[in-house]
Amino acid sequence: MDNLYLEPNQRLEKLGIKAFLPELISLESGLDEITRVGNVTIYEMCQSLLKSGGKRLRPLLVILCGKALNPRNIDPLISVGMAAELIHMASLIHDDIIDQSYYRRGKPTINSRWGEKQAVLAGDFLFAQAFDLLAAEELSPVIKIMVATITDMCSGEIDQLNQAYNINLTEKDYFERIEKKTAKLISSCCLAGALVAGANRETLDSLERYGTNLGYAFQITDDLLDFTGESSIMGKPSGQDLASGNLTLPVIYLLHHPKRG
């Protein structure tokens with residue numbers, strides 16, 4: 001866990017990521033520079049999240065999918081990867097406000113440190129910077145993908161609120177919700193990287209499906225850890241989903257098959 005609290009570039013060096021994907025160094029520097037565009041408070045809020053130990057999974061997928069298909073067209077991939085991470089960061093801030101979460105990755109959330117009003121505006125700032133990046137690179141197809149993604153993410157969040165404490169939820173309901181909330185952005189990162197690289201339709205469809213399934217696996221794992229993980233390692237209280245009425249796959253299975261519990 002110590003690696004998570006190093007400066008971003010130091011963490012990448014220690015984990016050996018720079019050796020096989022040096023583009024992430026440029027991405028980290030770019031994210032740091034973008035957060036300096038706002039005023040001092042916005043900078044401090046964004047920096048606290050940037051340095052809290054994110055895995056950079058989404059920009060990694062953008063860069064890897066694009067680089068595998070066209071290793072010569074790197075700069076646009078870095079810009080798209082940065083935009084994807086900014087969108088992800090904004091969604092985390094807004095999620096923490098909605099969920100009334102006070103800790104993320106073992107550190108106080110933006111809303112708990114600066115208040116909900118400031119946190120909302122920090123999230124809006126990050127969304128704006130993401131689309132400014134994509135517009136500057138004239139990546140209108142990627143902008144359309146990300147707009148559709150954010151639309152689905154909002155819809156998934158509303159679905160979760162509407163379904164709170166609903167013991168009649170089905171597995172189908174669950175997968176529809178997590179596809180919007182989690183899998184869509186991961187899928188869009190794979191799709192966007194391939195699109196920038198000039199992939200054909202078959203490849204685009206394949207990587208989009210791969211991202212969706214990876215997103216499912218990511219969310220199911222997270223939902224299992226909410227019951228089995230240690231709070232000190234996860235950086236947030238366990239059992240938080242159930243306490244807030246968010247019935248995840250383990251609970252849905254238990255409700256439908258109580259004898260197996």
Side-chain angles (χ1 to χ4, degrees), residues 1-18 21 24-63 78 81-130 133 153 157 181-182 185-186 189 215 218-219 221-223 225-226 229-241 244:
M1 288 295 290
D2 291 343
N3 287 345
L4 299 180
Y5 302 105
L6 297 169
E7 289 292 319
N9 281 341
Q10 291 177 323
R11 180 161 52 86
L12 294 176
E13 289 271 15
K14 190 164 184 177
L15 294 174
I17 292 175
K18 184 178 179 181
L21 203 64
L24 275 185
I25 302 300
S26 299
L27 182 134
E28 289 290 344
S29 299
L31 289 171
D32 180 76
E33 186 177 337
I34 283 173
T35 60
R36 294 177 186 275
V37 174
N39 62 31
V40 174
T41 303
I42 287 177
Y43 172 71
E44 289 175 350
M45 287 191 286
C46 295
Q47 281 291 306
S48 72
L49 189 54
L50 267 177
K51 294 180 179 179
S52 67
K55 297 174 283 296
R56 305 294 186 262
L57 171 65
R58 290 147 192 86
L60 265 170
L61 289 169
V62 171
I63 293 169
I78 294 173
M82 288 167 58
E85 187 65 12
L86 291 170
I87 290 169
H88 174 56
M89 288 170 61
S91 72
L92 293 182
I93 292 174
H94 288 169
D95 283 353
D96 286 339
I97 296 169
I98 293 168
D99 298 338
Q100 295 287 291
S101 298
Y102 298 108
Y103 288 93
R104 179 176 289 277
R105 300 167 187 160
K107 293 191 174 184
T109 55
I110 305 297
N111 49 294
S112 69
R113 288 186 63 185
W114 283 276
E116 291 185 1
K117 293 179 181 178
Q118 289 91 333
V120 168
L121 295 172
D124 292 346
F125 168 82
L126 292 172
F127 277 132
Q129 291 303 310
L133 261 177
M153 290 167 71
E157 192 67 50
K181 277 200 65 183
T182 303
L185 181 54
I186 292 175
C189 289
F218 185 91
Q219 187 60 58
T221 300
D222 191 62
D223 292 342
L225 287 172
D226 191 54
E230 294 182 26
S231 299
S232 59
I233 295 176
M234 295 190 298
K236 60 180 181 180
S238 58
Q240 205 167 15
D241 286 331
S244 63

* To do: Evaluate side chain to side chain contact (heavy atoms under 4.5 Å, CB included) for Gln129 paired with Leu126, printing each intermediate quantity in order.
  => CA-CA 5 Å; Gln129 291 303 310; Leu126 292 172; 5.6 Å; no

* Asked: How about Arg58 and Leu185: do any of their side-chain heavy atoms sit closer than 4.5 Å?
  -> yes

* Asked: Does some side-chain heavy atom of Gln240 sit less than 4.5 Å from a side-chain heavy atom of Gln100?
  -> no

* To do: Verify side chain to side chain contact (heavy atoms under 4.5 Å, CB included) between Ile87 and Ser91, making sure each step is shown before the conclusion.
  => CA-CA 6 Å; Ile87 290 169; Ser91 72; 5.6 Å; no

* From CA spacing to verdict: side chain to side chain contact (heavy atoms under 4.5 Å, CB included), Thr109, Ile93 -> CA-CA 8 Å; Thr109 55; Ile93 292 174; over 6 Å; no

* Asked: Taking all atoms of both residues into account, what is the closest heavy-atom pair of Arg113 and Ser48, and its distance?
  -> NH1-CB, 3.8 Å

* Hey, what do you get for CG (Leu121) to CD1 (Ile110), rounding to the nearest 0.5 Å? -> 12.5 Å

* To the nearest 0.5 Å, what is the distance between CZ (Arg104) and CG (Asp96)? -> 4.0 Å

* Asked: To the nearest 0.5 Å, how far apart are CG in Leu31 and CZ in Arg36?
  -> 12.0 Å

* To do: Answer yes when Glu28 and Arg56 have at least one side-chain N-carboxylate O distance shorter than 4.0 Å, and no when they do not.
  => yes

* So do the side chains of Thr35 and Ile42 get within less than 4.5 Å of each other, counting heavy atoms only? -> no

* To do: Under the side-chain contact (heavy atoms from CB on, under 4.5 Å) rule, collect the residues that match up with Ile98, sequence neighbours excluded.
  => Glu157, Leu161

* Are the side chains of Pro108 and Tyr103 in touch, meaning some heavy atoms are under 4.5 Å apart? -> yes

* Shortest non-hydrogen contact from Leu27 to Ile63? -> CD1-CD1, 4.2 Å

* Heavy atoms, side chains only, cut-off 4.5 Å: are Leu133 and Ile34 in contact? -> yes

* When rounded to the nearest 0.5 angstrom, what distance separates CE in Met153 from OG1 in Thr182? -> 8.0 Å

* **Distance-minimising heavy-atom pair for Ala119 and Ile97** => CB-CD1, 3.5 Å

* Between Trp114 and Glu44, is any pair of side-chain heavy atoms under 4.5 Å apart? -> yes

* Main-chain N/O of Ser101 paired with Asn111 side-chain donor or acceptor, under 3.5 Å -> yes

* Atom CE of Met89 and atom SG of Cys46: how far apart are they, to the nearest 0.5 Å? -> 5.5 Å

* Structure fact -> Sequence neighbours excluded, the answer for ring-ring contact (aromatic ring centres under 6.0 Å, His included) partners of Phe127 is His94

* May I have the step-by-step check of side chain to side chain contact (heavy atoms under 4.5 Å, CB included) for Gln219 and Lys181, ending in yes or no? => CA-CA 9 Å; Gln219 187 60 58; Lys181 277 200 65 183; 5.8 Å; no

* Asked: Do Val37 and Tyr43 have side-chain heavy atoms sitting under 4.5 Å apart?
  -> no

* To do: For Pro59 and Gly81, work out which heavy atoms get closest and say how close.
  => CB-O, 3.4 Å

* Between Ser29 and Ser26: side-chain donor-acceptor atoms closer than 3.5 Å -> no

* **His88: ring-ring contact (aromatic ring centres under 6.0 Å, His included) partners, not counting sequence neighbours** => none

* For the residue pair Ser244 and Asp99, establish whether any side-chain heavy-atom pair is separated by less than 4.5 Å. => no

